[in-house]
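Numbered from 1 within each chain, the chains take letters A, B, ... in sequence-line order. Hydrogens, waters and symmetry mates are skipped; everything else that's a heavy atom, side chains included, is used.
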Protein chains: 2
Amino acid sequence: MQRRVYEDSVSTSYCDTCAIRNRAICAGLQDDEISLLNAIGRRRHLKAGERLLWEGDEAVLVANVIEGVLKLSTQTVDGKEQILGLAYASDFLGRPFGKTTPYGVEALTDAHVCIFQRADFDRVAREHPGLQHKLLERTLSELDRTRRWMLLLGRMNAEQKLANFLLEMSVRRANVGCADVPGEADVWALPLSRQQIADVLGLTIETVSRQFTKMKKDGLIDLPSRREVAILEHAKLEDLAA
Amino acid sequence: MQRRVYEDSVSTSYCDTCAIRNRAICAGLQDDEISLLNAIGRRRHLKAGERLLWEGDEAVLVANVIEGVLKLSTQTVDGKEQILGLAYASDFLGRPFGKTTPYGVEALTDAHVCIFQRADFDRVAREHPGLQHKLLERTLSELDRTRRWMLLLGRMNAEQKLANFLLEMSVRRANVGCADVPGEADVWALPLSRQQIADVLGLTIETVSRQFTKMKKDGLIDLPSRREVAILEHAKLEDLAA
DNA sequence: CGCTGACTTGAATTCGCTCAACGCGTGTGG
DNA sequence: CCACACGCGTTGAGCGAATTCAAGTCAGCG
């Protein structure tokens, strides 16, 4: 029977050929554990802009990012958005063992995710300490990363924020594909609009734009088009990032 | 043999009579699991101002907060401090399964903690899924709390930040003892100096002071002494917190 | 070709920071 | 006991970075 257009049940070969098989929570699991995840997981394709989770909803899904960039965000009462973080390939999304989803998730680029019904996932996790351990490790390092981001939000000026943002994106993006060749130009397409960058950094769109312009004028970066960046002076950018 | 003055091995009765026995990660563990924790844990008393963990150190300890308030903090390159969060009774400290401690921990009030050698704790956690599960749940909700704090740092003005700070402290403090009687005056001693409050909120000491003064003038709070606060208009304070 | 939405640029404003002075309580040594 | 220093907090003045408000530019698309 045909499933919904964007969902397919995961055949055994899916996990075996999965791009993140060795980096996500699946890494290092035993064969029987992988099979179990296989049985309850589905692949899903998300178009850029499509939402996977809504803040405050009952938490019915958790997922692994296979490819693409997604944003986790929450909203202030007066409607401003604060992006809580970005999720890249092999990152985990959602709130296992919780009632409600604490943040919204939206794809910034076209993306592939491997989704699980939370109830299924919780059950397997409870019964398989290895999986739970992986999840714990991932959550702990996510907590560390989030806390470092607090330093950025609380203590940095616009220039430092943007420098850090570009450097982190450069690293996280590079981790996904092949390793960067040192000395090679560091160019890529930004998966975020100026507004979204502003939301990540706790700035306004105008401030982000001005800082981009300034960095370009100073020769630290290039902006071949609106949605592309090149880091020209990696070292100087790191100095700015302080 | 006498141990160091501030450390005592935990006798069975320690856990049984522990104030946080039913709220920390120990809650709901089986008797044999509790016994194991008992065997590897020690109580330690910290004086206000004493440090338990240093950022960047090899992670040798993890701990449960039994009583008191501690701060988790990190430093910028130029020496400014950013407090990453506060830990209250039943909160968990440290970085299990990690090489280095990602933040410094210092007691703000006199405090009691239940400390474990990380190696011991890791081993017990690995072997006892129940414990690991508790730890995971706690880490996940800590991540949620931290992300909500990002919204405060990234999107709020000084007034909103302080209002949120006071309200959160009121709640977290109240959770420790008996429940607040509604309508009762909400008065307590601040465990933080103005400077520390500034570090928590990503503000300067002067701004914090001015906001305190303003709130007092507006009748929202009272400041019986430098280190005491009373929330007079809880509802109005919540309006400010937005 | 003109419309639309995303981005940039400019000018004015404002919020929080910096710098500086001062107040207050506490401890210390003469 | 007083004088004084010291830490901590408050208050004021001026400044500056980032925001707000307001035009303008640009690219993509019907």
Atom-pair distance (CZ on B/Arg210; C1' on C/dT14), nearest Å: 14 Å

Can you list, pair by pair, the side-chain donor-acceptor contacts under 3.5 Å of residues 148-159 of chain A, counting residues two or more places apart and other chains?
| from | atom 1 | to | atom 2 | distance (Å) |
| --- | --- | --- | --- | --- |
| A/Arg155 | NE | B/Glu81 | O | 3.2 |
| A/Arg155 | NH1 | B/Leu203 | O | 3.4 |
| A/Arg155 | NH2 | B/Glu81 | O | 3.4 |
| A/Arg155 | NH2 | B/Asp199 | OD1 | 2.9 |
| A/Asn157 | OD1 | A/Glu159 | N | 3.2 |
| A/Asn157 | OD1 | A/Gln160 | N | 2.9 |
| A/Glu159 | OE2 | A/Lys214 | NZ | 2.8 |

Using side chain to side chain contact (heavy atoms under 4.5 Å, CB included) as the criterion, list what pairs up with B/Thr109, not counting sequence neighbours. B/Val69, B/Pro191

Rounded interatomic separation in angstrom, taking CD from B/Glu159 and C1' from C/dT14: 14 Å

Contact list for residues 53-63 of chain B, test side chain to side chain donor-acceptor pair (under 3.5 Å), sequence neighbours left out: B/Glu55-B/Thr74

Distance in angstrom units between B/Lys161 NZ and C/dC15 P, rounded: 14 Å

Residues in side chain to side chain contact (heavy atoms under 4.5 Å, CB included) contact with A/Thr204, at least two apart in sequence or another chain: A/Glu206, A/Thr207

Scan residues 215-230 of chain A for pairs that pass side chain to side chain donor-acceptor pair (under 3.5 Å), counting only residues two or more places apart or in two chains. A/Ser225-A/Glu228

With heavy atoms of chain A within less than 4.0 Å as the criterion, where does contact along DNA chain D begin and end? D/dA18 to D/dC26

Sort and list the pairs that fulfil side chain to side chain donor-acceptor pair (under 3.5 Å) and have at least one residue in residues 233-242 of chain A, not counting sequence neighbours. none

Residues passing the side chain to side chain contact (heavy atoms under 4.5 Å, CB included) test with A/Ile205, sequence neighbours excluded, are A/Arg194, A/Gln195

Do A/Glu142 and B/Arg147 meet the salt-bridge criterion of a basic N to acidic O distance under 4.0 Å? yes

I need the CG-P distance between B/Leu162 and C/dC15, as an integer number of Å. 16 Å

Spacing between B/Glu206 atom CD and C/dC19 atom C1', to the nearest angstrom: 9 Å

Using the 3.5 Å cut-off, write out each protein N or O paired with an N or O of nucleotides 3-7 of chain C and the distance between them.
| from | atom 1 | to | atom 2 | distance (Å) |
| --- | --- | --- | --- | --- |
| C/dA6 | N3 | A/Arg226 | NH1 | 3.1 |
| C/dC7 | OP2 | A/Arg194 | N | 3.3 |
| C/dC7 | O4' | A/Arg226 | NH1 | 3.4 |

